[in-house]
Structures are given as structure tokens and as C-alpha cells.
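Presented below is the structure to which this report refers.
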Amino acid sequence: MASRNRFRGARWARIPLALLLPLAVVAHAGVALTLHGVQGKLRANVLAYLSFERYKDSKHLDGEIIVRLENRVQSEVDSALEPYGYFQPAVHMTVRRTRPDHWRVALQIDPGPPVLLQVVDVKVTGAGATDPRFTRITEHVPLQHGQRLDEAAYERLKGELLQTAATYGYLDARLTRHQIQVDPGTHSASVFLTLATGVRYRFGPTQIEQHALTDALVRRYLRYRHGQPFDLTQLLRTQFVLDDTGYFSDLEVVPGTPDKARHIVPVHIRANSSRRNVYSFAAGYATDTGARGIVSWQDRRVNREGDRMSVDLEAAQLTKYSLQSRYIIPIGDPATENLTFIASVEQRQLAAVDSRTITFGAHLTRVTGRWQTVWFLDAIHATGSVTGAICPGGLLNTAGTQCEFPGASVAAPSAVASVVGNMLVPGVEITSVPSGYFGEPIFEHGVSIELRGSHGALGSRADFLQLRVQLERVFNFAPGWHLLLRDEFGATAASHFDNVPPVLRFFAGGEGSVRGFEYNSLSPTQIFYATGAYQLNNVTYTCYSGAAAPQNVPNPRLCPLQPVQAGGKDLISGSVEIDRDLPHNFGVAAFFDYGNVFNSFHIPHLLQYGAGVGFRVRLPVMTLGIDVGEPLSAPGSPRLYINFSPRL
């Protein structure tokens, strides 16, 4: 408790109630109390101290009790205003009995002149005198010469100094001087604070009690090292990191009793093994995918070296299915770095293309500073198929259903044309991560850059190199208001782009892209050529897709299907969205999207634009988003986008 030297004289006055202009009636039963002369924090603190306020709802007040309460008013007002630098308040009070059990009390308070700070002396001595954590505090003291004395700010300053010392290892720190000197006669005050830090303790030995992993692996998760200066925040980060691995349950990371002779702090880590096999089920709905469901299995501890394995099966109404398996081996800093082997089978509908992909890959993840780098090598078998009508030897009618021959008309056969690729695709993805990142899920990446490609020597039918850049930023420009900016850029250099499987091309449109347009509907068109033998009008035709006709086949023909949207080489996309938080986890949004996919930046193209509004519901087990987007640059009706993902 700070010591004070105070000098004050008595002050008390009574005036008729008719001369008072009450600001607010605080109570209606027992005591009706009105205050005038103080506002804000001063008013709230006075009400907190006043006995009249505490008795306002009492049903058993008599004259004797009221007199006792009157006699307390001056001292209570003094105590309420002193922390804010007012040491000579004048109180004018009138008390009137309106009913046998009801009293009306009116107070007019003149706080008087404030006490101003003349001397502010805040110092840190000892080993921590030059520690930036303390100099940041002493160079930005909230108490300044000429300001009104604020005891709450003084107490916060004391607490910040002591908490900083305890957090960062100055465990012998103490306040050698903590004093407020007040002279009400001159309305001045002096503040003196001196913290002697003593030596800074260091991390001592770490004792680990667990059976899930090898001790060597657990120690690689530690965010501190033996002999480093003690830092409680690093213990907390270690707790978060170990808990996030999923290896443990009932985890504790606690500092032991400081060794005052050697100035070290031992650490104790205790944990039980978590359940090894985890099964999860999830269901959701999105306009672009339709209804979808996910079934997952994870083996969180294949062995004591920390290897993990997972299998995820996802099925969706529109985007078909995917089956993916991962085997993860922790390396380096196991919290953020790993070697992952993946195997996946996927079927997706990409505009008019039915895409089927089988992938085997190895991904190496490293983190340096605020950047995560993933080097990968994927072996891909990809097929992109299009179904449509063909008419070899004749003319396809405008409806696309009949082949017209001289003097005859026959039904146009349905054909399937495909782009098939078998290749190795090496690449690298560089992503920004938050400062102090330790592997937790990230839902927003400020910067993401991916470069991938393939070559004929790696099995590809087209030599290509592809770059994709994504930028995201959220600005909280006012309480409850958020500005979301998103930009995406993609470019592909390819020798024979028609031979690049559609799964490696760019598409735009739909949720997460340009709302107001159908999913993946923004894309250049491509003509696919059917292959195989077809009989029309009693003649057999052989369809081929190469540049030269095959030899020794009857009636070779190029058999084109009608042009379909099949993805493009280059991409531009972006969004500007303003979100407003509402009470009860609701929110509203307004957005403007733009973007398109091209086959060349050198040919003038128009970007497509969409705009709309949205509604958000944020709950612990479900996030619901409802957007209505309308195309601005092309004819079309508003489109509804619904996305919710409850966790079961």
C-alpha cells in the first residue's frame, strides 16, 4: 500500500433540495438517490462507496439509520475521489422523508481542484536495468508531470513491473520504494517507484514423465533450452505445442521450485498418452459442392518416434469424391517441420470436364522465420474427359442431336474425348505464417506462392511451368468492422497447353472466387477430339485426334466435340468485402468480386464482376454463411451461396 502525507480541512454544507437539479434517479424503493457534479468514472466510484446506494432497496429504514448513513457520506466521497486525484471535495446534501419507509437523498458534489503530479520517479535497478522489457515500461510511464494523479494508473504500473519481473525470470525482484506523496495544500503529488530486479534466473533441467514418445523427441518440442534465461511465455508455448500434437492427455508443463543458490528454475513435464486411434465424421453443405460428408481415421502414434497416419474419405454431391491417405514423419523442429507421403484418388467436376486423378507424392515442410516452405514431388495420373455428340462424315444440326447426310438424317452418336497425363510434377509452395508459429491450423495466409511444373523428360505430354500467387489481408478498421481483401494471380507457360490435364489448369467463378457466377464457369473453351470407330449411315469412320491422319484405317476423320469450358492458362481474381459484427454471434457482409481465366494476357479480355450481400452465424459447432451474389458484367440472375459445416 502506498504511503501518503495528507492535509485536509473539514467541509460540509446543507442546502434545500429545491436548489438541486438531479441527473438521474438511481433507486425508487427505500432510498431515492440523486447525484450532481460528478460523471463517468468518478460518479461510478462514488456510487460504489456510498452506503446510501447499498441501502437503496432496504424496506426497514428509520431515522436513526438514516443519520448514521448521513454521517458516512463525507468520508465515503473522500475515499471515492482520492484515487482520481481529488483530495478536497465539497459535499452538499439534503435528506427528505417522503413516506414512512422512503427517503429522498440529493447530493451535489464539487470535486475541488485536482492534485497534479510534480515529480514522477520510476526506476529499475539491477541486472534488468537495461532489459528492453523494462525500458519499454519506464520510457512510456502513464504518469506524467502536470497530469492529474491517478492511483489506478499507479497501481497498474506497479503490477506491470512486478509481472514482467516474474514472467521473465527476475524472481528475486522487489519494490524497494513505492510511494505517493500528496500535499493537498499545494494540490501537488510526487510518485516514486524503484524496482530492484536482482539476477535473472535461467532454465534448469527438465524432467519428463510420459510414455507416448521417446524423450529425445519430446525435448525437440520444447520452446526453450537448458541454460537459457527463464521465460514463462516459453513454458506456455511449450504447453500449447505439446497439447496440439495430439499425442498426450492430462498434460502439465510447470516450473519447479527456483534454486536460489544457482539461480535456475527446473521444469517438470507430466502427461498421459492420448487415445491412439481417432475417428471423426463431418457433414456440410455448400452451393458449389452440394451436400458433402467426410469420414476420417487417424493413427496418432504409429510408433514412439511420433509418426502419424491418416485416411480421409470425402464425398460431395457435385464435386464427386476423394480418398486421401497421409503418413507424416516429424523432422527438425517437429512442431512445424515434417516429411509427408501422400496417396490420393479424386474425382472432380471441373466445369464440363470430368477429372479423375491418382497422386502419389512426397512433401517436405520447413519453417524459417515467418515463412513456411513446402518442397514436393508428385507422381500424377490425370484424366480429363468430356462427353458430347460427334458427326463424322456429316453435319451436326444446331440442336446437337442429329447428323445430316445428303438425303438422310441419323442420330448423332455420343462420344467421350479425354486428355490423359502421366507425369512427375515437382514444385515448391512458400507461405507466410504468424510470428511464433508452432504448427497450429491457419485459416488466413497473408501471402502464398506456389511454383510447379513438368517436362517431357518427366513423362508430361506438355512442358509447362505454372505460378500461383494468393494474397489475403483483414483490416479491423473500427470496433466490429472488418475489411477483407483477397487477390489471386496465376500464369502458365506451356509448349502444348491442350495436353495439360484440366486438374492442373485454372478455373474461376463461384464461392471463394467470383460470386454471382456458377462454380468454375469462368474459363476459356477448348475443342476436344473423339477417338475410335463409329458407324453412321452404313459407313464406318475412324476418329483420331492427332495432327496427321493414321495410316491404313477406313475413312479417317477429325471428330470434334462442341467447344466446352476446360480451364485456362492464366488467372486474375480478387474480392473486397466489408463485414459488420452483430450481437449474438451474428454478422452481415457486403462484397465485390472480380476475376476471369484467360489463355493469354496479351489478348484483351474483360474481367467479370459480381457483387452482393451476406449473412453470418458464428457458433462453436457450426459456421453458417449465406451470400447472395449477382453478376454485374454479364446477364444472369442472383445466385444463392450457402455454406455450413457442423462438426459431429
Side-chain angles (χ1 to χ4, degrees), residues 1-117 143 146-156 180-189 191:
M1 183 69 180
S3 62
R4 295 186 181 85
N5 302 317
R6 299 187 291 207
F7 312 94
R8 64 161 60 93
R11 55 265 182 207
W12 187 272
R14 299 280 185 105
I15 63 173
L17 178 63
L19 298 180
L20 296 176
L21 296 176
L23 285 182
V25 175
V26 181
H28 300 283
V31 174
L33 176 65
T34 58
L35 293 179
H36 186 66
V38 288
Q39 299 294 334
K41 293 180 179 180
L42 299 183
R43 175 185 176 85
N45 214 39
V46 169
L47 288 174
Y49 272 85
L50 283 175
S51 297
F52 273 123
E53 172 68 9
R54 294 193 294 273
Y55 277 81
K56 65 181 182 180
D57 296 325
S58 176
K59 303 297 184 181
H60 306 287
L61 292 176
D62 56 27
E64 183 178 349
I65 295 176
I66 292 297
V67 170
R68 288 204 306 268
L69 299 183
E70 287 184 64
N71 293 335
R72 299 176 187 175
V73 167
Q74 184 65 56
S75 62
E76 290 172 345
V77 172
D78 290 346
S79 298
L81 297 183
E82 281 178 9
Y84 296 96
Y86 297 97
F87 283 78
Q88 295 179 328
V91 180
H92 302 269
M93 176 174 56
T94 182
V95 179
R96 188 174 65 184
R97 190 170 192 168
T98 57
R99 296 194 304 270
D101 60 348
H102 187 271
W103 304 77
R104 185 177 297 277
V105 178
L107 299 179
Q108 181 174 333
I109 301 173
D110 179 3
V115 169
L116 303 180
L117 292 171
L143 304 171
Q147 289 183 349
R148 175 173 55 82
L149 173 63
D150 187 339
E151 289 189 21
Y154 167 80
E155 293 296 333
R156 287 194 299 269
I180 299 177
Q181 295 180 349
V182 178
D183 185 353
T186 60
H187 309 298
S188 64
V191 170

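Positions are given from 1, in the same order as the sequence printed here. Worth saying up front: this structure is predicted, and the values here are computed from it rather than measured.
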Spacing of [atom1] belonging to [X] relative to [atom2] belonging to [Y], to within rounding of 0.5 Å:
{"X": "I109", "Y": "L42", "atom1": "CD1", "atom2": "CG", "result": "9.0 Å"}
{"X": "H187", "Y": "L149", "atom1": "NE2", "atom2": "CG", "result": "13.5 Å"}
{"X": "I180", "Y": "Y154", "atom1": "CD1", "atom2": "OH", "result": "5.0 Å"}
{"X": "N71", "Y": "E76", "atom1": "CG", "atom2": "CD", "result": "10.5 Å"}
{"X": "R97", "Y": "R99", "atom1": "CZ", "atom2": "CZ", "result": "11.0 Å"}
{"X": "Q88", "Y": "L81", "atom1": "CD", "atom2": "CG", "result": "12.0 Å"}

> Which residues satisfy the salt bridge (Lys or Arg N to Asp or Glu O under 4.0 Å) test with R156, sequence neighbours excluded?
Replying inline: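 Listed in chain order: nothing, the list is empty.
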>> To check you understand the geometry: which heavy-atom pair defines the closest contact between L35 and R43, and what is its length?
In response: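 Heavy atoms of L35 and R43 come nearest at CB-NH1, 3.1 Å.
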> Taking all non-hydrogen atoms of both residues, which atom of Y55 and which atom of V31 are closest, and how far apart?
Replying inline: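 The answer is O-CG2, 4.1 Å.
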>> If we count only N and O atoms by modelled type, under 3.5 Å, do the side chains of S75 and D78 hold a donor and an acceptor together?
In response: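 There is no such pair (donor and acceptor under 3.5 Å, judged by atom type) between the side chains of S75 and D78.
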>> Side chains of E70 and F52, heavy atoms from C-beta outward: is any pair under 4.5 Å?
In response: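 With C-beta onward as the side chain, the pair touches.
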>> Counting C-beta onward and ignoring hydrogens, is there a side-chain heavy-atom pair between L107 and H92 closer than 4.5 Å?
In response: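 No, every pair of side-chain atoms sits at 4.5 Å or beyond.
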>> Once side chain to side chain donor-acceptor pair (under 3.5 Å) is applied, do any residues pair with R54, and if so which ones, sequence neighbours excluded?
In response: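 R54 satisfies side chain to side chain donor-acceptor pair (under 3.5 Å) with S51 once adjacent residues are dropped.
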> So T34 and V105, side chain to side chain contact (heavy atoms under 4.5 Å, CB included) or not? Walk me through it.
Replying inline: CA-CA 6 Å; T34 58; V105 178; over 6 Å; no
Residues in side chain to side chain contact (heavy atoms under 4.5 Å, CB included) with [X], at least two apart?
{"X": "T98", "result": "R96, H102, R104"}
{"X": "D62", "result": "E64, I65"}
{"X": "S79", "result": "Y49"}
{"X": "R148", "result": "Y84, Y86, P114, L116"}

> Can you list the steps and then say if L69 with V95 is a side chain to side chain contact (heavy atoms under 4.5 Å, CB included)?
Replying inline: CA-CA 11 Å; L69 299 183; V95 179; over 6 Å; no
>> Strictly distance-based, threshold 3.5 Å: is any side-chain N or O of N45 a donor or acceptor partner for the main-chain N or O of A80?
In response: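 Checking the backbone N and O of A80 against the side chain of N45, a donor-acceptor pair under 3.5 Å is found.
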